[in-house]
Each structure stands twice: as structure tokens, then as C-alpha cells.
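What follows is a short report on a single structure.
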2 protein chains.
Amino acid sequence: MAVNIHDVAHRAEVSITTVSHVLSGRGRVSAATQEKVRRAVEELGYQANIHAQRLASQRSRTLAFQIASFTESPNSSSLIPNSNYFLEVLNAAASASTEMEYVLLILSAQAQPSILDRYGIAGVLIIDPRGDEPIFQTETNPNWLIVTNGRVAGNESHIGTVDNDHRRTTRETLEHLSDQGYQNPALLTTDLGRSYTNDVAHEYRDWCQENGREPLVIELEEPPMQETAANAVRMLLDRDHPPDAVITSAEDLALGALHEAQAHGLVVPRDLGIVSVVDSSVLLLTTPTISAVFLDPEQIGKTAISLLISAIDGESTFPQSVITPSSLRIRESTNRKGLTA
Amino acid sequence: MAVNIHDVAHRAEVSITTVSHVLSGRGRVSAATQEKVRRAVEELGYQANIHAQRLASQRSRTLAFQIASFTESPNSSSLIPNSNYFLEVLNAAASASTEMEYVLLILSAQAQPSILDRYGIAGVLIIDPRGDEPIFQTETNPNWLIVTNGRVAGNESHIGTVDNDHRRTTRETLEHLSDQGYQNPALLTTDLGRSYTNDVAHEYRDWCQENGREPLVIELEEPPMQETAANAVRMLLDRDHPPDAVITSAEDLALGALHEAQAHGLVVPRDLGIVSVVDSSVLLLTTPTISAVFLDPEQIGKTAISLLISAIDGESTFPQSVITPSSLRIRESTNRKGLTA
DNA sequence: ATGAAAGCGCTAACAT
DNA sequence: ATGTTAGCGCTTTCAT
């Protein structure tokens, strides 16, 4: 059907080994022969069969991408939740993979390790793991390497972490709120089992202690939804001493908080400050716009894939931990003093 | 390294042919032998090597997914634009593929046909094509089948279309606007070369003619952005007889239109009605919420993949055209008379 | 009902 | 510098 390596070899009047050598850059082939081979490849429009290459070379050049999402129920089968952050990490990871001639397989959150064996997958990128994902549960030394976005407890094949300095940006956020005159920020978060929510919560508690504030952490069920956030905010506002600011661990929680605050007749940012620890394009659509921490998902996806590939190729040493720059973006929802930033 | 078919055959005391037969369901194997084989598979945790299967069977079980996006410039390398619609089509297509034991490769908008040969790709799903995408440009009968979301001019390998009845919903939208007392709706659209924008524009013009209105179609450059929409709306409002409603072909255009209208001190829906022909979760976040046509991207992705796979398997006849149900969702931005829907 | 054997298209170790 | 050859792990035709 399609033209194969024999056709090329025949046309170039060389052996298939030579063709293979020319195309892979291995072995030594004279310039003249190389030219002959290249011309034959060109004329025939030859494309190496990738399945044969993978079988023969025993290298799959396939990576897997998993968003270690929310519920355990297999019915929530959406591979990529509707969040700007996830989409941008995926876009960057897919582009980086393609550039390196790797294929990126998108795994469901419930995917079992066996699928990795089946595809001969060499590396896995897991976003926001808790550490109890099926992929981690292999007793024997598995055949794949793992890089995570977010920290996770020790595992032999876990060879890299790409993360942000959430403690630093959380502190920056708290100081910003303080500057704006907010006295009692509360923290609205999902599952503290993820390292980023955990980091935020820790820093928040530390800051409260240092500043003589009573910490107020509401841990919500996953997935983060506007409605659950709204319920939580309703509760918070009913307290004797309601918070005057809310920090949320996800965009949808911030949206829900804003909605509920406004339903209560509160003016944001005057009566309540709102800031999300994860930025998203939707936070610019609300009135007021919502302050958030920009985590640079593009950088994260790109970095994670290159960590993975260099580990697969046996370059550099592991485990590695990369911290990606992040920064607070102050918008209207916490800009009580009318800064013009 | 990993356990292979010989290991299983040895353990079950049968030939590898028998193992293959049992696993694929072909040939006839006695119940007793089947049981032996299955037990061996179970005990060894055998997973067939997928690359070997593909090479031997000459079937790649690989599909490609492409969003035939916006610009021709290869620098806009984002594979999946930040739009709810695309994300949901992709999620559904990926899930459906996985269910059928197919792999779905995400192609960039600039991907060349050669990549399809390389992977032995059997089918391609293209979202919102204009018809001039590289994948269509093969003189000789190519080795893959194409299903599109949106119509496209004849091509031998184009064996299916999944679409909505955009003309019907556009008419429904125009009648709704009319019911709400809007007299002069304008159409804000991107590239009319796509079938859905084309359908909308046609129906809009027909309706204008039937109702003695002057059609006002603004065709914007792609990609659809809030800013370009805002500029267009600014122009529209400066006219002698500005429109009192705007229909947009994309969520971001609606967002931009709303923003600009409000910046001009207009009250939506009172002074200007806004409705998007493509629904998105972000249209619920604005104040007011924005009316839109729900296209059911999940259904579209799912249907497209099953069309593709049944074509690959040689079932049913082609070409096929499937129309997926869609409906107008009336929200605040066009609810001038204070309906309580 | 089961098995032997010939590929699938390539890589890579080993000649020459 | 170039070629021979033995696989990679499976499917599938053809015997038996």
C-alpha cells in the first residue's frame, strides 16, 4: 500500500540499513549516498511507519497526560474539566510533545496503570495529584516515569515536580488584602490533599497566627463549583463576625463567592474582597473583575514535558523539582482603595 | 521485559495462535481452552503490545482531531482555543474514541497530511473547516476518512458531516428578538467561509428581506476576540440608525459587544439586545447573562466519532449527514420584556 | 479445534 | 562506508 523502506532502498540502490541510517542520523554514510537516499525519500514521499519503528526500537515515544481530578466516581468522565488552567497546561504539553516527536495520550482520571503498559508509555504527566491516583499504585518498579504538577509523596518512578511557590504568593496575597484594609480573610478551598491547596492553607494559617487572626478555613467537596462556594459564603456571612475577604483555591469558587456576595447586597470589593489562587480568563468577565494569582500554566506544561523527555533519554539527574514564577494580579475585587493598577 | 504472547501460550500450554484467537474472539476455540488461556492472561497480567498489533494487523486504530482554526500563521500554535464549545467536543470525541479502543491524536490546525500517513491514521475529525485546510489537499485518493463538524465542499474522503440546523435556530433567534421588540438586529460574525457562519448569515439576510429590514452584517477578522467585537460595536453605535440588537457568531464576540455597549452607557437588554449563536459557560457569568444557542457539543463529538469508526469498519453507507438538535436559550441579555424564563 | 509459519516494516548488532 | 540478518510481538493464512 504505502511506500516502505524497501522501496526507498531499491530506488536509491542501497540497503535498507543505509536508508535507516540516513534517516536516523546513526552510523556513517557518505555524503553522496545520503544524497541518493534523500532524493529517493523525497521522490517517493516516504514516511516511516511509526508502529514498526516503535516495535523494532522498543521505544514508544508516547507520553500520557492526566488531570488527577476530582471525584472517584467514574461517571464524571470529562477528561478535561472546563478550566482555563487545565486547558493551557494541556495545550502547552501537547505542543511540546509534538515538537519532540512524541505523542501525548490523554488519560481519564480513572485510568489504570495497565493501559500504560499496553501502550508502552514511557512517561506520565499528572496535574494536581493527591498521591492516591491509580497510576501511583504499582508495587513493583513500573516501566514509566512520572512528573507531577504539584508535589506528591515518594514513589520510585516519580522523577520530577513542577510547581509554583504557593506559599510565597499566598503571603503576597494576604499582605495585599491587609494593605487594602481587610481584617479577616477566610479561605475557601477544595480538598487539602493536593499540595497546592495545602500550601495555601498552611501559609494562611501561619499568617493568621503571626498576625493574631483567627484562621477560617472552609474545605469544600470536589469538584469546585460555583454553587458549593455560594453555599459556603452564605454560611460565612451568617456568622457573628463574618470575614471581610475570601481567598479561593479555584476560579469557580471565586465566581460563586462573588455571586452570593452580590445576592446578599454586598458590594465587592467594598464589603467583601475576593481573590482566587488560580487565575483564569473568566475572572476578567465579572463585574467587578476578580484578582487572582497567575500560575503560568503554559510554562508549567512545557517544563513538565521537557523534564519527562530528558529523564526518558537518561539525561541529567533526578528527582528534580522546578519552581515556576507566579504573581498576584490585582483586579477590582480586592482594590478597595481605588488603585489605578 | 514485559510479558508477551509467548509467555501466555507457554503457561496455558497452547500455541500463540490460540491465545490470539481467544483474545480477539476470532477462530474457534473450545470453552476449556479459552478458560485456560484467560487464566494464564490473568495470572501473568498480560497486555498485548499495541504497536505489534498495529503493525501486524495493518490497522492503526488511531483517529485524528483537528480544530480548523483561525489564522494561517503557524505561531498561533494553541491546539485548542479557549472556548467551551471546542473543549466539550474534544472531551466527547476523546471519550468516545477511548471507549472504542481507538487513540485520538490532537493535530494542530497547520498539520500536514503526511503526518496522517506516518501514523497510519484511519479517520480525521475536523471542527469548523473552511475547506482549504491542508488535510483536504490531497490529489490522490488518501488513506483516511474525514468527518467534519460543519459542511464542506466535495472531497472523496469526506464521508460525513455532523452539524446543527443553524438556519432554523437563527430564525428562531430573530423571531425571539422580534417578539422582544427589537427592530434592527445586526450580525457580528467571523469568516463567512465556515458553513455555520454562512448559514446564520443567509438566514439573517432572508429574514431581513422578508421583513423589510436592511441587513447589517459585519464580518470580522479571526480569531474572534472581545476587542475586535468591541471595535465593531463602537462603529455600529455611531451610525445614524444604530442597531438595537446584535447577534454574534462566537462567545467572545458577545462578551466584547456587551462590554462595549455598557461602556457607552447602554443598558442591556433595554437599549441593546445581545445573543450568541454558540453557547458557552461564560455567557452565564456576565451581568446581564447572555442569551445563546446551545449546540450540544458533547453530542456532536460523540456522533462524529461513531460515524468515523463505522465508516472505517465498512459498516453503513456514505456520505452521511447528521443534524444534531440545538435550541435557543433565552437569558437576560435579550429579555427586554421581563420574562421570568 | 488447534498449531506452524510467514509476514507486518522497521532497528540494530554484527559482519565485511 | 555499506550490507546481512535476526529479531520486535503480534495477526492471519493455511494445514492438520
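Proteins come first, then strands; the chains are lettered A, B, ... in the order of their sequence lines, and each starts at number 1.
In the set C:dG7, D:dA1, C:dA4, D:dA1 carries the atom at the smallest distance from any side-chain atom of A:R28. Of all nucleotides listed (D:dC10, D:dT12, C:dT11), D:dC10 comes nearest to the side chain of B:I5. For A:Y46, whose side chain is taken as the heavy atoms from C-beta onward, the closest listed nucleotide among C:dC10, D:dG3, D:dC10 is C:dC10. In the set C:dG3, C:dA12, D:dG3, C:dG3 carries the atom at the smallest distance from any side-chain atom of B:T18.
Distance A:N49 CG to C:dG7 P: 18 Å, rounded to the nearest Å. Rounded to whole angstrom, the span from the CD1 atom of A:I16 across to the P atom of C:dA13 amounts to 15 Å. Atom CG of B:L55 is separated from atom C1' of C:dA6 by 13 Å (rounded to the nearest Å). One interatomic measurement links the two molecules: NE2 of B:H51 to P of C:dG9, which rounds to 17 Å at whole-angstrom precision. Distance, B:Q53 CD to D:dG9 C1': 9 Å, rounded to whole Å. Regarding A:L23, its CG atom lies at a distance of 16 Å from the P atom of C:dG9, rounded to whole Å. Rounded to an integer number of Å, the gap from CG of B:N4 to C1' of D:dG7 is 12 Å. Straight-line distance from the NZ atom of A:K36 to the C1' atom of D:dA1: 11 Å, rounded to whole Å.
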Nucleotide N/O to protein N/O under 3.5 Å, stretch nucleotides 13-16 of chain D:
none

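A search for side chain to side chain contact (heavy atoms under 4.5 Å, CB included) contacts involving A:D128 returns A:F86, A:N149, A:R194, A:Y196, not counting sequence neighbours. Not a single side chain to side chain donor-acceptor pair (under 3.5 Å) links B:S60 to another residue, sequence neighbours left out.
For B:V29 and B:A52, each mapped to the nucleotide of DNA chain C holding its nearest heavy atom, the one lying further toward the 5' end belongs to B:V29. Toward the 5′ end of DNA chain C lies the nearest nucleotide of B:S30, the other residue of the pair B:S30 and A:R54 mapping further downstream. Nearer to the 5' terminus of DNA chain D, by closest-nucleotide assignment, is the contact made by A:T33 (compared with the other of A:T33 and B:H6).
Within the 4.0 angstrom heavy-atom criterion, no nucleotide atom of any strand lies near B:I50.
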Assess whether side-chain contact (heavy atoms from CB on, under 4.5 Å) is satisfied between A:V29 and A:V37, documenting all intermediate values.
-> CA-CA 10 Å; A:V29 183; A:V37 170; 5.8 Å; no

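For B:Q58 and C:dG9, the shortest distance from a side-chain N or O to OP1 or OP2 is below 4.0 Å. Proximity of B:R59 to the phosphate of D:dC10: no side-chain N or O atom is located under 4.0 Å from OP1 or OP2. For C:dA12, one of the phosphate oxygens OP1 or OP2 lies less than 4.0 angstrom from a side-chain nitrogen or oxygen of A:R26. Between A:S57 and the phosphate of C:dA12, there is no side-chain N or O to OP1/OP2 separation shorter than 4.0 Å.
Inspection of the A:N84 and B:N82 side chains reveals an N or O donor paired with an N or O acceptor under 3.5 Å. Side chains of A:Q53 and A:S57: no donor on one and acceptor on the other come within 3.5 Å.
Interatomic distance, A:I305 CD1 to A:I312 CD1, rounded to the nearest 0.5 Å: 8.5 Å.
Of the residues B:V147, B:V152, B:I67, B:T148, the one that meets the side chain to side chain contact (heavy atoms under 4.5 Å, CB included) test with B:I126 is B:T148. With respect to B:R11, the side chain to side chain contact (heavy atoms under 4.5 Å, CB included) criterion is satisfied by exactly one of B:E43, B:K36, B:R39: B:E43.
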